[in-house]
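A quick write-up on the structure given underneath.
Fair warning: this is a prediction, and the values are worked out from it, not measured in the lab.
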Amino acid sequence: MKTKNYWTHASADIISKLGSSPDGLSSNHARQLLLEKGENVLDEQKPDSIIKVFFSQFCDLLIVILLIAALISMFSGNIESTIVIFLVLIMNAVLGTIQHVKAQRSLESLKQLSSPSAKVIRDGSVIEIHSKDIVPGDIIMLEAGDLIVADCRIIESFSLQVNESALTGESANVDKFNDILSDDTPLADRTNMVYSGSLVTYGRAKVIATSTGMDTEIGNIAGLMNSVKERKTPLQVSLDDFSKKLAIMIMIICGLVFALCLVRKMPMLDSMMFAVALAVAAIPEALSSIVTIVLSFGTQKMAKEHAIIRKLQAVEGLGSVSIVCSDKTGTLTQNKMTVEDYYVNGKRILAGKIDLKNENEKLLLRFSILCNDSTNTDGQEIGDPTETALINLGTNLGIDAMQVRERYPRLSEVPFDSDRKLMSTAHNMNDALLQEGHMMIVKGAVDVLLERMDRIRVGNTVRRMTDSDREDIAVQNMQFSREGLRVLAFAYKQVEEEKEIGTEDEDQLIFIGLIAMMDPPREESRLAVEECRRAGIRPIMITGDHKITAAAIAKRIGILKEESEACEGAVIEDMSDEELQDFVEGISVYARVSPEHKIRIVRAWQ
């Protein structure tokens with residue numbers, strides 16, 4: 001078995017390979033593994049001490065020359081020049097050090113998050129331990145709301161859904177199964193694995209920890225970031241070049257002056273003092289301080305915009321940007337599923353133009369609230385993002401979800417199952433819209449529901465579904481999918497009073513409509529892209545999401561012009577660095593990429 005390809009083998013084989021068992025690790029074995037593997041934490045580079053930061057401010061050729069000049073002035077008795085030079089240099093170093101320390105403290109405050117715990121099976125019993133004590137081979141119990149603290153292989157999944165947007169960039173929840181996958185399955189499609197840093201949003205599962213700490217995928221990203229070499233900003237390059245040229249010119253001129261003084265029979269000490277005085281006068285000792293002060297003003301402006309600037313030179317670096325590589329989820333988009341379109345009565349309707357006076361549009365909205373487990377109380381959203389989007393649509397249209405649910409209480413249900421791809425609920429729906437008594441509402445994947453529907457509701461009538469109707473629904477579903485939208489189909493039928501519904505009832509359904517949703521772009525994204533282009537900056541999208549979704553968002557905000565400008569990470573997998581450098585100029589959107597791909601793309605542009 002390969003060390004990392006756990007998704008290519010049966011879970012039972014992995015349990016055996018890692019020296020575990022269905023009853024978990026023994027406490028003694030876990031302690032030994034903890035000593036061997038280390039704690040389940042990410043390595044962090046030790047920050048430089050204040051003293052080191054302070055003295056690093058003097059690592060500049062002009063400043064070194066000024067220090068030499070100050071020392072010569074001091075030994076020659078010219079105390080005033082010495083004091084002035086030292087004061088200017090120390091003020092420059094202090095300003096740089098203060099900015100570095102302030103930024104470091106701000107970054108540290110961002111890390112002060114509560115450390116999660118995990119429920120594991122040890123010695124045959126379920127116990128709760130600190131996440132740093134997790135070791136490979138631990139059997140972990142997951143349920144909705146849990147933060148995943150290690151890379152794990154699924155052993156048993158009960159409708160498990162995981163949000164992996166922090167790792168893959170895909171905003172939609174991912175269904176997880178205990179299947180065996182092929183060796184070349186990309187990270188974002190490994191449905192039998194869960195990864196550290198992800199969040200369980202639905203269901204529960206039993207998993208086995210396969211990698212911890214720096215061996216996890218998130219640890220791999222941390223390692224890549226630590227290996228990135230720091231590059232000088234254009235200002236630093238310009239100042240270094242200017243310093244070298246100026247220093248050489250000054251030393252040549254001072255050398256000539258010193259030689260001429262000696263030729264004119266001036267005393268050696270006087271000749272040296274004259275040359276040093278000329279050097280001190282020629283060197284712009286205030287240049288470094290002026291640059292530092294100006295950049296400090298820039299950092300204060302950035303701080304007011306809630307941006308943390310760790311190094312002063314980064315302010316100038318921002319002004320020299322020609323390419324911006326951005327993630328999609330949560331950066332260009334809201335990282336929040338939102339209903340975009342309805343398909344009802346054979347027509348597509350924008351979510352903002354839904355007419356609650358239309359019976360079927362109102363009925364579809366009501367069904368989406370009732371066949372739904374999420375809640376939104378006082379702005380606190382709980383539940384699956386897709387279901388939350390349906391509740392939020394009702395709220396935006398002035399419909400209170402709790403009132404609807406109180407009026408039509410749930411009598412029974414068949415929970416969502418990732419194998420069926422359906423969810424069903426039963427309600428008493430006697431009212432002006434439906435005078436048919438007890439009703440079962442079903443929502444799920446379009447392709448699955450199409451096979452279970454034999455009637456369709458159009459206007460106020462219900463008729464037999466024709467092949468033409470099925471084709472129209474399938475075509476509309478395809479159109480939504482091409483636009484990067486996630487689609488849910490809704491259907492219903494009358495059931496017997498007080499009957500407990502089951503999976504056997506999920507057939508002979510009446511189609512009511514489709515609801516399409518997506519993680520929409522931020523309102524400011526299009527404007528930001530336009531401003532970048534006007535400033536001569538080219539925006540690039542790099543995301544782990546699907547190509548269709550990424551391209552749809554990129555088109556809406558102006559990043560993508562032609563379909564040929566979008567590609568998937570697999571395309572660049574086998575390219576050399578030289579080939580990639582030529583390739584990146586023609587691509588504006590990268591989808592389904594891994595963290596390694598992101599680093600390579602940025603390096604290619606640099």
Side-chain angles (χ1 to χ4, degrees), residues 339 341-349 354 358-373 384 386-387 389-391 393-394 404-405 408 410-431 433-481 485-496 499-517:
V339 175
D341 292 274
Y342 263 26
Y343 177 74
V344 64
N345 291 324
K347 296 184 296 184
R348 178 174 180 173
I349 304 168
I354 293 173
N358 182 288
E359 289 191 2
N360 285 355
E361 292 176 36
K362 185 175 183 178
L363 197 60
L364 181 55
L365 177 66
R366 183 179 296 172
F367 284 173
S368 70
I369 293 173
L370 293 174
C371 190
N372 192 320
D373 288 330
D384 180 85
T386 301
E387 293 192 329
L390 302 174
I391 297 295
L393 174 64
V404 173
R405 290 171 176 174
Y408 310 106
R410 185 179 298 184
L411 305 176
S412 61
E413 64 181 294
V414 182
F416 173 83
D417 182 87
S418 52
D419 292 328
R420 287 172 31 252
K421 297 182 179 179
L422 296 175
M423 174 182 178
S424 301
T425 57
H427 308 263
N428 186 343
M429 296 289 289
N430 278 321
D431 65 3
L433 293 181
L434 284 176
Q435 299 178 356
E436 301 183 31
H438 287 71
M439 202 68 56
M440 182 175 78
I441 305 169
V442 185
K443 75 172 180 188
V446 179
D447 55 340
V448 174
L449 267 181
L450 267 178
E451 299 175 357
R452 298 167 180 260
M453 296 184 293
D454 59 3
R455 289 164 290 169
I456 183 172
R457 183 182 180 94
V458 180
N460 295 326
T461 61
V462 175
R463 59 173 173 78
R464 302 297 299 180
M465 180 176 282
T466 64
D467 291 339
S468 177
D469 293 327
R470 294 180 186 279
E471 184 178 351
D472 290 343
I473 295 170
V475 167
Q476 186 58 63
N477 179 48
M478 181 62 70
Q479 179 63 37
F480 282 145
S481 299
L485 296 168
R486 188 175 187 184
V487 189
L488 283 176
F490 284 80
Y492 72 100
K493 77 172 186 179
Q494 188 175 9
V495 292
E496 296 178 14
K499 178 185 183 299
E500 188 81 16
I501 61 172
T503 55
E504 68 279 1
D505 296 307
E506 294 174 333
D507 60 2
Q508 298 181 331
L509 302 170
I510 303 169
F511 175 75
I512 179 68
L514 306 177
I515 298 181
M517 60 197 78

With side chains defined as the heavy atoms from C-beta onward, is the minimum distance between [X] and [Y] less than 4.5 Å?
X	Y	value
Asp469	Val458	no
Val344	Phe490	no
Tyr342	Ile515	yes

request  = May I ask you to decide if Glu506's main-chain N or O and Arg452's side chain share a donor-acceptor pair within less than 3.5 Å?
outcome  =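 Confirmed, Arg452 side chain pairs with Glu506 backbone.
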request  = Could you tell me whether a side-chain N or O of Arg405 sits under 3.5 Å from a main-chain N or O of Arg410, the two making a donor and an acceptor?
outcome  =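 Such a contact is absent between Arg405 side chain and Arg410 backbone.
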Atom pair [atom1] ([X]) and [atom2] ([Y]), whose distance is rounded to the nearest 0.5 Å:
X	Y	atom1	atom2	answer
Thr386	Met517	OG1	CE	6.0 Å
Ile501	Thr425	CD1	OG1	6.5 Å
Ile510	Ile456	CD1	CD1	10.5 Å
Glu387	Leu488	CD	CG	8.5 Å
Lys421	Phe416	NZ	CZ	8.0 Å

request  = Please step through side-chain contact (heavy atoms from CB on, under 4.5 Å) for the pair Ser424 and Asp505, ending with a clear verdict.
outcome  = CA-CA 9 Å; Ser424 301; Asp505 296 307; over 6 Å; no
ask   = What's the verdict on side-chain contact (heavy atoms from CB on, under 4.5 Å) for Leu450 and Ile473, showing C-alpha distance, side-chain angles and the deciding distance?
value = CA-CA 8 Å; Leu450 267 178; Ile473 295 170; 4.1 Å; yes
ask   = Is it the case that more than 12 heavy atoms not belonging to Glu471 sit under 6.0 Å from its CD atom?
value =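 Incorrect, the count does not exceed 12.
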Do you know which two heavy atoms are closest between [X] and [Y], and how far apart they sit?
X	Y	result
Cys371	Lys443	O-NZ, 3.1 Å
Tyr492	Phe367	CD2-CE1, 3.6 Å
Arg455	Met465	O-CE, 3.6 Å

query = When you look at Tyr408 and Asn428, which way does the side-chain contact (heavy atoms from CB on, under 4.5 Å) test go after all the steps?
reply = CA-CA 6 Å; Tyr408 310 106; Asn428 186 343; over 6 Å; no
inquiry  = Please evaluate residues Leu422 and Leu449 with respect to the criterion side-chain contact (heavy atoms from CB on, under 4.5 Å), reporting the C-alpha separation (whole Å), side-chain torsions for both, the decisive distance (0.1 Å), and the verdict.
reply    = CA-CA 8 Å; Leu422 296 175; Leu449 267 181; 3.7 Å; yes
query = Are Lys347 and Glu361 close enough for a salt bridge, meaning some N to O gap below 4.0 Å?
reply =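 Between Glu361 and Lys347 there is no salt bridge, as every charged N stays at least 4.0 Å from the carboxylate O atoms.
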key: Ionic contact status for Lys493 with Asp454, cut-off 4.0 Å   =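 Looking at Asp454 and Lys493, the cut-off is not met.
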ask   = How far apart are the C-alpha atoms of Thr503 and Arg420, what are their side-chain angles, what is the distance that settles it, and do they pass the side-chain hydrogen bond (donor to acceptor under 3.5 Å, both in side chains) test?
value = CA-CA 9 Å; Thr503 55; Arg420 287 172 31 252; 5.7 Å; no
request  = Going by the side chain to side chain contact (heavy atoms under 4.5 Å, CB included) test, name the single residue among Asp447, Val446, Leu485 that passes it with Asn477.
outcome  =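 For Asn477, the side chain to side chain contact (heavy atoms under 4.5 Å, CB included) test succeeds with only one of Asp447, Val446, Leu485, which is Val446.
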